[in-house]
Amino acid sequence: MYRVGEHRRAYHWDGACPRLTGRLDTVEEWGAVPEEKAQAELGLKPCQVCAKES
């Protein structure tokens with residue numbers, strides 16, 4: 001999952017990740033794409049918080 005809008009730098013494996021849901025005032029929409037597409041087409045990096053918890 002990733003944020004649609006200005007604060008989208010990472011993709012998240014965990015939909016409850018605080019980095020994904022922590023700025024609800026700045027996001028109204030989320031997107032979900034395969035990991036490969038998130039990296040190649042959207043230029044997103046894996047979320048470090050999600051990576052530590054898995």
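Values below: all heavy atoms of this structure, side chains included; hydrogens, waters and symmetry mates excluded.
Here the closest heavy-atom approach between residue Pro46 and residue Trp13 is recorded as CB-CH2, 3.6 Å. Across all their heavy atoms, Leu20 and Gly15 have their closest contact at CD2-O, 3.7 Å.
Annotation: the span from His12 atom NE2 to Cys50 atom SG amounts to 6.0 Å, rounded to 0.5 Å.
Within the structure, side chain to side chain donor-acceptor pair (under 3.5 Å) pairs that include any residue of residues 41-50 do not occur (at least two apart or interchain).
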For residues 32-40, which side-chain donor-acceptor pairs fall under 3.5 Å, sequence neighbours excluded?
{"residue": "Glu35", "atom": "OE2", "partner": "Tyr11", "partner atom": "OH", "Å": "3.1"}
{"residue": "Gln39", "atom": "NE2", "partner": "Tyr11", "partner atom": "OH", "Å": "2.9"}

